[in-house]
Structures are given as C-alpha cells and as structure tokens.
Protein chains: 4
Amino acid sequence: MRQTIKKESIRLFGENGFKETSIQDIVQALHVTKGTFYYYFSSKEELLTEIHFEFIDNLVEQIDEIASHTTKKNHQKLVDVVRLMVINIKSERSSGNILFREMRHLGENSYTEIARKRYEVRERVEGIIEEGIRDGEFRANLNSSIVSLGILGIVNWSYQWLNPEGKFSPEEVANIFVDMILHGVLLQEEDNR
Amino acid sequence: MRQTIKKESIRLFGENGFKETSIQDIVQALHVTKGTFYYYFSSKEELLTEIHFEFIDNLVEQIDEIASHTTKKNHQKLVDVVRLMVINIKSERSSGNILFREMRHLGENSYTEIARKRYEVRERVEGIIEEGIRDGEFRANLNSSIVSLGILGIVNWSYQWLNPEGKFSPEEVANIFVDMILHGVLLQEEDNR
Amino acid sequence: MRQTIKKESIRLFGENGFKETSIQDIVQALHVTKGTFYYYFSSKEELLTEIHFEFIDNLVEQIDEIASHTTKKNHQKLVDVVRLMVINIKSERSSGNILFREMRHLGENSYTEIARKRYEVRERVEGIIEEGIRDGEFRANLNSSIVSLGILGIVNWSYQWLNPEGKFSPEEVANIFVDMILHGVLLQEEDNR
Amino acid sequence: MRQTIKKESIRLFGENGFKETSIQDIVQALHVTKGTFYYYFSSKEELLTEIHFEFIDNLVEQIDEIASHTTKKNHQKLVDVVRLMVINIKSERSSGNILFREMRHLGENSYTEIARKRYEVRERVEGIIEEGIRDGEFRANLNSSIVSLGILGIVNWSYQWLNPEGKFSPEEVANIFVDMILHGVLLQEEDNR
DNA sequence: AATGAATGAGTATTCATTCAT
DNA sequence: TATGAATGAATACTCATTCAT
C-alpha cells in the first residue's frame, strides 16, 4: 500500500503539482481513505521527501557508475550520461518533474541534502568535461562549469516536452542531443569561430 | 497601482510560486488592502494571465525581429536569439520562471494561447536552423525540431540557476552557450562521429 | 496488562490531560499496539471511568473509616481527613488531578455516580463539623457546608502545586493546614472579629 | 465582533473546556462563519492567551491595589483579597476556570508570563501574611508560604462549586471564608494546640 | 479609488474505534 | 492475547473572493 500510494502520488504530483494535489485526490484515486494515507505517511511532506530521495539517489548512483568507469573515453561517458537521463524519462518522467519543480516544499534539512545531491550530478558532468579536456578529447577552451549546466539544461528540459509515446522516442532524441553536444550545429567549412 | 501590483506579484510569484503566494502576501508587501487588489484585478488568475502575456508577447516580438531580419546570416540569428534570452534574465528572470512553471494555473483559453505563442518561439528557432541548413551554414543532418528544443533547454534552464550577480555574467554565459551550440565540445582531430 | 495500561494512563492523563493523551500515546509508552488496548478496554471512556471509580472509592472508604470512628474527637477526625488527603498526593496525585479535571468526559451515568461519591466526601466532612459543633469542640456559628467546601478547597487545590519531592513534604504541609484550619491566622489578643 | 467572540468563547471554554470547544462551536453560537473568527484572531491559542491575560492582569492590578494600601491593617487586606476573589466569581467565573484549567494550552512564552503573574498574586498574599506577623496581627508561627497557598486554595476552589445564583451568595461565602481563615474552627476554651 | 468586514469552500492532519487474522 | 491495517468524522486553519461604504 505504501508503494501504491507513492506511485500514484508521483503520477499526480508530476501531472498537477504538489500543492495542487490534495491528500483527498490521492486517496480518492486509490479508493481508500485519508486515514489510510496517514497510516503510511506521517505527512504530505514526508511523502514528497521520499519521492525526491528515491529519484535522486538512483540517478546519482547510475551517474557515478558511468563517471567512475576507468577504461571508457570521456566523450563516451558524456554520451552515456545524456542517454541515461533522457531515456530515464520513459520510466521516471513524473519523478523528474517533481524534482525539478517541487523542491521548495521540502523541509529545510531534506532540501539541503537534495540540493547537495543535485550538485553531485553536476560535478560528475563537470568532471567528465574536465578530464576530457585534459585527455585532449574535448576542446581546451571550454568552461566546464557552464557547459555542464548547458548540457543539463538540454536533458532536464526534455522532461518538460518529451513524450515517450510521441513522434521521437527518447532513444532517438538522446542520439540527436549527443550529436549536437559533441559536434555543434555548424558545418566545419563555415566554421567562423 | 496596477503596475505596482503586477511588479510585486512577479517578484513574489517568481520567488515563491503562484499557489504559494496569497493575495494577502501581495497587498501586505505593498501596504494596501485586499480590496485594492480586486479593484484593479478581477482575479488572481487575471493577474497571472497578464504577466504571462506581457512576457511572452515581448519575447515573441524580439525573436520575430531577429528571425525576420533579411540580411543576417542564420548562425548570427541563432547567436542573437541565445544572447537575447539569456541576457533577458537580468531584467525578466521572475517572469521567465513564472512562464516556465505556472502556466497550468491559467484558464483554458489563455493557456491555449500562451502555449501557441511559446510554440511560435520554438518555430522561429526551428526556422533559423532549417534555413541555415538550406544555406549551407549548418550541418545538413540536423533534426531542426529536436535541436531547437535542445537549444531552448539550454537557455530556459539557465533561468533556474543563472544569478546575474554571480561569478559569470549573463553576457559571458551567453557567449559560452553560443560557442557550445555552434561548435560542440569535441576537438576536431579527435572527431569520431 | 490491564493494570499496566491503567497505571500508565493515569500518569499520562494526570500529566497532560485526558483529551490531550491519545490511545497512541498510551500504547506507545508501553510498546504495545492499539489492538492490545482495545482488547482490555472497550473505550477510552471506560478506562477513564475505571480510574475515577478506583480513586474515589478508595477515598470514600478511607474517609468513611475516619468519620465513623466512635471514640475519636471530631477535631481529631478533621485532622485525620486533612492528613489523609494531603498525604495521598504522594501516591495518588495524578488520579486526584484526573478526578478534579476530567469528570466531564465521563458518560452520563458514571458522571452522576462519581458526582454522588464526591458529594459523600463532602458530607462526611460536613458531618464532622456539625458533630463537632454539637459537642462543643467547634465554634457554634460555623456554616458547616461552606466551611467544609473551604477545607476541601485547601486540600484539593494542593494537588495542583504540592510537589512531594519539594521543599515541604506532604506531611509538613498537612500539619500547617491543620493548624491553620483549627486556629486561624489571627493572634487572639488582636482578635477583632 | 472581536469582543463578542471573546465573550462567547469565555463562556464556552469555561463551560466545556478549551480543547472540547471547537472554532465551529464558537462561530455557530454567534451565527457567523469560521472565516470571521480568523479575521479577528490568528489562532485559537491567541484567543486563549488574550483571555488569560485579561483576567490575570485585572486580578493582579486589583490585588496590588489592596496590598499596597498604606494605612490598612493587614488582616483587613487579607479580608479584602478574599472578598475580591470570591465576589469576582459573579462576573468572571468562566475566566477564572479557564485560567485554572487551560494554561497548558498556551504557547511557551505566554505560559511563562502567565505563570509569573499568578505567582505575583501568591506573593502579594504572602506579603500580607508576613507583614501581619511582623505587626503582631497574625500568629508568629505561621508558614506564610503554605498558609497563602491554603487561602488561595479556598478561594480558587470556590470557582468550581460556587453558583452565584445559589443558596449562598458570593458575598456570604466570602464572609464565611474570612471568618474561618481568621479564627479557625476551634472554640477557644477547647483549644488544644 | 480604496477599505475592511465577512464568507465558504477547501486543506492537512488527528484520533478513537473496528476487525480480520 | 495481540496485531496492524483501515476507517471516517472531526479539527484548526487558509484563502480567493464579495460587497457595502
């Protein structure tokens, strides 16, 4: 039941927002009563916190695994990270949207910790960029910090518009993004850097 | 007074969210009473609608101007659009965040219209990409639609983290983004496309 | 278990109040579950009722014993009653506070019966006063009814402030009260009644 | 309206208790809505706090006036205090009962301050006793502290049972109490201290 | 142009109680 | 004996909105 509630809440929070979804909405969708909700969760905030942690912990773990790989080239790592996050949309779109939108409703401590974990994600990407520069894979004059934020912008933003059932599958979109990030949009002979 | 209310509301909605900001909060910050608010706006939603339209109309207009330029190269147009939107953060950050986050609170009609206008922005960017491909400025195998969404992801996401008073100015960030979008991250000699 | 529950409940009701103490609080303090509580008591009210009866029945019995003594002088009986009730605080403070504060939560029948038993206590004290007047021990112009309520006020109120571990022991306090009740506060030669 | 709400709340809290009286009960009795209540009071606790302060401040002031009188004999002051508090029941019974019973529902700060003010009342009575001892009006071996608590027990307890419309008027009761406190219950010739 | 009193529908949360196992 | 899941009614409180002045 705890899992059922969480799953339905993720759907509703993701679709309509945390504030906009009442406990009533959640239990109604599950044909149980408010009492049941509060038997499993001590507050709406606790539920939200758990949703946040489950999503971010899983993400950090997967990205860590990619980033800490010892034999892979860095551009391959970058490709893997982008693919991971975009393809994640298929199963975790709502959770992602909740993370990107509802953090402010966390309690102070959880907020801080989630913020730190989000920063870890950014650091891993930055690390890949920096190492790639050192290894001569990436252009030397890249600002790793801002470029990472750009890359994360591309993938995070796709949680807002990418419909897994739509014209382009997450896999196709991920490939297009990867190509764009690696090579840019310009034709080489017109390169007027 | 109408402008004063709108300005303060943009600040509060941007900072704390639409649902999270009560009419009380707004009028209290302005040292007036609720009655005053309702003398100028017929509802909270009307205020939100107006904020949305003012921001998006202005944006569409500026982007239109860039896109419809007849002599500029397309890669220059792309640069201009990115610069416009990122530098916009200096003066319109809150409005931008409201647009990206609070659309769901609009009435049905306004929602549709705002969505159409947001789509127009996307179309202009797509148009620039497509024309650039035709003109041989951009790589031929780009998916203009997804690439545009990627570019918009980069710039829109920066509304979330870019602090105009921070280490990197919006101008610098815009330049880094432009460079990244045009050339990608790879070094050419290592290009293993 | 029944006794354990009752004992813990007396402590909690006495400390925090009947309404303020939830069944959850009680069973949590005992490391059992709500089901267990309802196995032993059919309702919170039943528990409260039992607490009331146990305390008042015991009190009435002890006071009856004092009052029905055939050889003791009445002023000695009065002394005994005051001592009994004040020294009771050592072991029964919580029960006493519950009786004085939570009667309204009893069911109608229990309420009536407890009220009758409390009245019996009052009657015994009144009886001692009246008999003492008849026997020439007490002043003839005393209003036995109001004086009794005064005496009960002194002792009952001490349940609110008398800390058995405090500066004055219940025994000392009882002696001071007895002296005060018997002789008043005035010096005789200054008596200006 | 603020006064109306307060007055009705005093009645209801005094009769049925703070916890037992819902905001619903209060506004229903006044034929207004919950919103109205919260227009005038920010919380139930604020209302309770105000009730406490109004009662205790008024009481402290009146007792201060009596205690600080320069020409009155101390036994007369004691008489005045008892009369004041008992006769108060006519107009302030509910407020008194609230003070004696519902303090625990105050916020921490208010609680502390009210406790201090209640202690002031006790100090004034103690002061009268002590001064009376020094002046040779009262018996020298009185424990002023415990005796004061006894006297306050008599008067405070009467808030629980004294019905202003009953057989004995507050004035009569006050006189009986005064007589009892000053002279005790024993006949002098039988005095076996 | 502005106020402030009043509303009523909605929100998160609590809690005594039930009951199948 | 004891558990733990589930209930549903009640509670304090919020808030957008109305309206007479």
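Quantities reported herein were computed from a predicted structural model and do not represent experimental measurements. Note on naming: letters A, B, ... go to the chains in the order of the sequence lines (proteins, then strands), and numbering restarts at 1 for each one.
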Euclidean distance, atom [atom1] of residue [X] to atom [atom2] of [N] [Å, nearest integer]:
X     : N      : atom1 : atom2 : value
B/Q24 : E/dG4  : CD    : C1'   : 11 Å
C/F41 : E/dT18 : CZ    : P     : 15 Å
C/E45 : E/dT17 : CD    : P     : 8 Å
D/L47 : F/dC13 : CG    : P     : 10 Å
B/I26 : F/dC15 : CD1   : P     : 12 Å
D/K44 : F/dT14 : NZ    : C1'   : 17 Å

Under the side chain to side chain donor-acceptor pair (under 3.5 Å) rule, collect the residues that match up with [X], sequence neighbours excluded.
X      : result
D/D25  : D/S22
A/E50  : A/R2, A/K6
A/N163 : none
A/Q28  : none

- Query: In which ranges does DNA chain F form stems of 3 or more consecutive Watson-Crick or G-U pairs, distances under 3.5 Å?
  - Reply: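 Consecutive-pair runs (3 or more) involving DNA chain F: E:2-21 with F:2-21.
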- Partner residues of A/S43 under the side chain to side chain contact (heavy atoms under 4.5 Å, CB included) criterion, sequence neighbours left out: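 Residues passing side chain to side chain contact (heavy atoms under 4.5 Å, CB included) with A/S43: A/E45, A/E46.
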- Query: Under 4.0 Å between a side-chain N/O of C/Y40 and OP1 or OP2 of F/dA2, yes or no?
  - Reply: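 For C/Y40, the contact criterion (side-chain N or O under 4.0 Å from OP1 or OP2 of F/dA2) is met.
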- Is the phosphate of E/dA1, meaning OP1 or OP2, less than 4.0 Å from a side-chain N or O of B/Y39?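 Yes, B/Y39 has a side-chain N/O under 4.0 Å of OP1/OP2 on E/dA1.
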- Task: Using a 4.5 Å cut-off on heavy atoms from C-beta on, say whether the side chain of C/L47 contacts that of C/F37.
- Result: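 A side-chain contact exists here, since the closest heavy-atom pair is under 4.5 Å.
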- Do C/I51 and C/E102 come close enough that some side-chain heavy atom pair is under 4.5 Å?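 Side-chain contact under 4.5 Å: no.
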- Proximity to DNA chain E (any heavy atom under 4.0 Å), residues of residues 16-23 of chain C only: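 Output list: C/T21, C/S22, C/I23.
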- Strand contacts (DNA chain F) in residues 27-38 of chain B, 4.0 angstrom heavy-atom criterion: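 Hits under 4.0 Å, by residue number: B/K34, B/Y38.
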- Query: Looking at residues 3-13 of chain D, who's got a heavy atom less than 4.0 Å off DNA chain F?
  - Reply: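 Under 4.0 Å from DNA chain F: no residue of residues 3-13 of chain D.
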- Nearest-0.5 Å distance, NZ of residue C/K117 to CD of residue C/E61: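 The NZ atom of C/K117 sits 10.5 Å away from the CD atom of C/E61.
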- Task: Mind checking the CH2-CD1 spacing from A/W161 to A/I89? Nearest 0.5 Å is all I need.
- Result: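 Answer for the CH2-CD1 pair, A/W161 versus A/I89, is 7.0 Å.
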Report, one line per pair, each donor and acceptor closer than 3.5 Å where one atom sits in a side chain of residues 106-115 of chain A; sequence neighbours left out.
residue, atom, partner, partner atom, Å
A/T112, OG1, A/E108, O, 2.9

- Look only at the side chain of B/S9 and the backbone of B/I5, and say whether a donor-acceptor pair between them is shorter than 3.5 Å.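 The answer is yes, because a donor-acceptor pair under 3.5 Å joins these two groups.
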- Task: Decide yes or no on ring pair (Phe, Tyr, Trp, His ring centres under 6.0 Å) for A/F100 and A/W157, but give the supporting numbers first.
- Result: CA-CA 9 Å; A/F100 298 144; A/W157 193 255; 9.6 Å; no
Let me have the donor-acceptor pairs involving side chains of residues 12-20 of chain B, under 3.5 Å, with sequence neighbours excluded, atom names and distances please.
residue, atom, partner, partner atom, Å
B/E20, OE2, A/H105, NE2, 2.7

- Would you mind telling me which residue lines up with the more 5' stretch of DNA chain E, C/S43 or A/D25, judged by nearest nucleotide?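 The residue mapped nearer the 5' terminus is A/D25.
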- Sequence neighbours left out, what passes salt bridge (Lys or Arg N to Asp or Glu O under 4.0 Å) with A/E8? Give chain and number order.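 A/R11.
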